[in-house]
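Inspection log for the structure reproduced underneath, given as structure tokens.
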Amino acid sequence: MTRARLRRPGALALLMVCFLLSGVMRVADPNSALAGELDDALGAMRLVSSHSGGKAGEPLTSTEIDLLFEELKERETQLEVMRQDLATRAQTLAVTEEKLREQLEVLEAAEAELAATLTRAETAADEDVARLTTVYENMKPADAAQVFEAMNVEFAAGFLIRMRPDAAAKILAGLEPNTAYAVTVTMAGRNAGAPRE
């Protein structure tokens with residue numbers, strides 16, 4: 001056999017393998033980087049073949065095959081670098097995601113604790129107001145009226161609204177007319193937005 005005949009099966013087999021791999025990669029993932037790299041490699045083979053001055057189907061020389069393998073090795077190295085870079089990025093994203101998840105859990109716990117604290121504070125405030133209301137209801141109306149005269153009008157109205165109507169009426173009767181009027185108007189204004197049947 002001549003040297004050309006010995007090289008022909010290897011070059012054709014290499015071309016067939018490259019075409020086959022490119023087809024498989026396109027079926028598996030049309031957007032695959034490896035499929036693109038194989039296409040580039042095939043382009044390089046065609047380029048080498050065209051530079052050699054040979055015609056279609058003519059075997060590649062050993063130098064051309066060496067150049068082609070060097071190109072494929074370079075592409076493989078580039079793909080490995082890309083793979084490692086993607087793996088590093090994926091690991092960084094996973095760590096970042098874990099940190100964000102932990103921070104979110106801390107924030108959710110703090111929010112729940114704050115909500116519980118606010119609920120306790122509101123409950124305690126309501127209990128304090130209810131206790132004071134009971135105290136004012138049980139005072140002598142004249143004494144309570146003196147205290148209410150010193151209060152802010154809206155503050156006094158808030159207490160009187162919570163009281164039993166009979167106790168509130170006795171305290172209102174003991175207030176100065178201008179004060180009683182202002183407190184009554186404030187109470188009416190608060191009730192104006194209440195739903196009616």
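In this text, all values refer to a predicted model and were calculated from it rather than measured experimentally.
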Note to self: Would you say that more than 12 heavy atoms from the other residues, nucleotides or ligands in this model lie under 6.0 Å from the CD of Q91, or not?
What the structure shows: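 No, not enclosed.
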Using distance only, find each side-chain donor-acceptor pair of residues 109-117 under 3.5 Å and give its atom names and separation, not counting sequence neighbours.
| unit_1 | atom_1 | unit_2 | atom_2 | d |
| --- | --- | --- | --- | --- |
| T117 | OG1 | E113 | O | 2.9 |
| T117 | OG1 | R120 | NH2 | 3.2 |

Which side-chain N or O atoms in residues 147-174 pair as donor and acceptor under 3.5 Å with protein atoms at least two apart or in another chain?
| unit_1 | atom_1 | unit_2 | atom_2 | d |
| --- | --- | --- | --- | --- |
| E149 | OE1 | T179 | OG1 | 3.0 |
| E149 | OE2 | E176 | N | 2.4 |
| N152 | OD1 | E154 | N | 2.8 |
| N152 | OD1 | F155 | N | 3.4 |
| R164 | NE | D166 | OD1 | 3.3 |
| R164 | NH1 | E137 | OE1 | 3.4 |

[atom1]-[atom2] distance between [X] and [Y], expressed to the nearest 0.5 angstrom:
| X | Y | atom1 | atom2 | answer |
| --- | --- | --- | --- | --- |
| Q84 | T88 | CD | OG1 | 7.0 Å |
| L72 | L67 | CG | CG | 11.0 Å |
| L100 | T96 | CG | OG1 | 6.5 Å |

Next item on the list: Answer yes or no: is there a donor N or O on one side and an acceptor on the other, between the side chain of D85 and the main chain of V81, under 3.5 Å?
Entry: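 No; zero donor-acceptor contacts below 3.5 Å.
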Next item on the list: Please determine if E76 and K73 form a salt bridge, counting it only when a charged side-chain N lies under 4.0 Å from a carboxylate O.
Entry: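 Answer for the salt bridge query: no.
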Next item on the list: Kindly work out whether a path of hydrophobic side-chain contacts (I/L/V/M/F/W/Y, heavy atoms less than 4.5 Å apart) joins Y136 to V129.
Entry: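 Yes.
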Next item on the list: For E74, check side-chain contact (heavy atoms from CB on, under 4.5 Å) against everything at least two apart and list the hits.
Entry: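 With neighbours one apart ignored, the set is E71, Q78.
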Next item on the list: Sequence neighbours left out, what pairs pass ring-ring contact (aromatic ring centres under 6.0 Å, His included) with at least one residue falling in residues 83-104?
Entry: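 Residue pairs passing ring-ring contact (aromatic ring centres under 6.0 Å, His included), neighbours aside: none found.
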Check: Hydrophobic cluster mates of L86, side-chain heavy atoms under 4.5 angstrom, ILVMFWY only, any path?
Finding: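 The other cluster members (ILVMFWY side chains, heavy atoms under 4.5 Å, direct or chained): none.
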Next item on the list: Return each pair, listed once, that meets side-chain hydrogen bond (donor to acceptor under 3.5 Å, both in side chains) where at least one residue sits in residues 101-110; pairs must be two or more places apart or across chains.
Entry: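 Qualifying pairs: E97-R101, E98-R101.
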